Amino acid sequence: MKAVTWCGKQNVKVERVDDPKIINSRDAIVRVTSTAICGSDLHLYNGYIPTMGKGDILGHEFMGEIVELGHDVHNLAVGDRVVVPFTISCGKCWFCEQTLWSLCDNSNPSPEKAEAMYGFAPSALFGYSHLFGGYAGGQAEYVRVPFADTGPIKVPDDLSDEQVLFLSDIFPTGYQAAEQCNIHKGDVVAIWGAGPVGQFAIRSAFMLGAARVIAIDHYVSRLSMAEQAGAETIDFSDEYVFDRIMDMTAGRGADAVIDAVGLESHGITPDALYDRLKAAAYAATDRPHALRQAIHCCRKGGTVSIPGVYGGLLDKFPLGAAFGKGLTFRMGQTHMHRYLQPLLDRIRNGDIDPTFVITHRFKLGEAPKAYDLFNENKTECIKVILKP
Ligand code: NAD
Ligand code: ZN
């Protein structure tokens, strides 16, 4: 089959590789019909995740048709159309039973490396390096889905791929980020990053009752997309974000803030990141630091919600301000399995049409061009879909 492989920093290829096979009785093989590139894939693309191997298959946002099933999967049938959550969960461990799906204890078959590096072992993700289980990703014609009896959700025929594809990650991720803000009627929610995750966080915050949403970014096209959802916007390249937010909230600050940016806003290079990880001395840089700014812009007693991805240590974290303001921090990988059915229902009810975020569609074979565009031209490109 054809698959998109990681071949080094800013180097992806479309290569012929072996078709995946059923390995365990709870596996499924999915023929991928649509897949997308995520901001998290850019962390791999730009070389931030040290345990990618040359030839590893990328991709964690995908959907398709079941073509083969292990003999212990009884809730799906060959021919079913499914969306697959990007987090892999066994469904049976203590964490899965608490619905803390993305903290599953069993899905990562080789946790030692992560433990040595981070002091804990994350659960597994599709197509996201050997820190996260080393599973092949879904930017391919076929993919093996482990624990297929707990993850994939069947989707009705009357909804197109593009309407449901983002249930695989960015819609639930934006939604969880907003839900974790514990939004009360009348709240003001400020969101750093108007990328795909930020866009879904904006719409989710409104769905959950926010009176006002403030979106912060420096790409005019992304800020315009935020405005279309009813958000007020701040361009951080020509305004002082803190002053503007204080003006907009009568000096009080936002009731909740969301960092939908992640580590790349810290302007640190991957090499420096490893050096600092090794030296355990991770200093911030002079670049705008979304999380630090978000903490300062959050009102006393407010909530800081962080879907943006971080790894390792983060220095110059204003713990004094966070403590003094009595802030609540919520963060982490999305508990995907919680949101699939409720958000599918929202799409069916017409509360949201997720296709709004798509700006580009490519064939799978054009993946190198698509990665380059999504990485380099965030003005034109907001979300890319690949069609195997
Ligand atoms: P993206 O790279 O397309 O968007 C990030 C946006 O942040 C860009 O528009 C950029 O201009 C903006 N930005 C950069 N610095 C900023 C600053 N200082 N202030 C305000 N905005 C700033 O990525 P995306 O697909 O939207 O993903 C966003 C983050 O969410 C990434 O870190 C990604 O890894 C993470 N993510 C997390 C989960 C999860 O489960 N927690 C799932 C998916 C994605
Ligand atoms: Zn993603």
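One-based numbering, in listed order, for ligands and for the atoms of each. Fair warning: this is a prediction, and the values are worked out from it, not measured in the lab.
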Are R203 and F356 in a cation-pi setup, meaning NZ or CZ lies under 6.0 angstrom from the ring centre and within 45 degrees of the ring axis?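 Geometry flag: set, cation within 6.0 Å and 45°.
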Taking the six-membered ring of F323 (Phe, Tyr or Trp), confirm whether the NZ or CZ of K325 is under 6.0 Å from its centre and within 45° of its axis.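 Negative - K325 is either too far from the ring of F323 or too far off its axis.
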Report the part of H218 (side chain from C-beta onward, or backbone N, CA, C, O) that has a heavy atom under 4.0 Å from ligand 1; answer both or neither where that applies.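 Looking at H218 and ligand 1, just side chain atoms fall under 4.0 Å.
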Hey, is there an N, O or S on D169 sitting under 2.8 Å from the Zn ion (ligand 2)?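 D169 does place an N, O or S atom closer than 2.8 Å to the Zn ion (ligand 2).
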N or O pair under 3.5 Å between [X] and ligand 1:
X	result
A194	no
C38	no
G332	yes
D169	no
G39	yes

Using the Zn ion (ligand 2) as the vertex, how large is the angle between OE2 of E61 and NE2 of H60, rounded to 10 degrees?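 My answer is 110°, to the nearest 10°.
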Salt-bridge criterion met for D158 and R348 (N-O under 4.0 Å):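 R348 and D158: salt-bridged.
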According to a 4.5 Å side-chain heavy-atom criterion applied to Ile, Leu, Val, Met, Phe, Trp and Tyr, with indirect links allowed, do L344 and V145 form part of one hydrophobic cluster?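 In one cluster: no.
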Look at the side-chain heavy atoms of Ile, Leu, Val, Met, Phe, Trp and Tyr, link any pair under 4.5 Å apart, and say whether V32 and I88 land in one connected group.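 Same cluster.
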Counting heavy atoms only, name the option from G195, G262, P307 that's nearest to atom 35 (C) of ligand 1.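 Nearest option to atom 35 (C) of ligand 1, by heavy atoms: P307.
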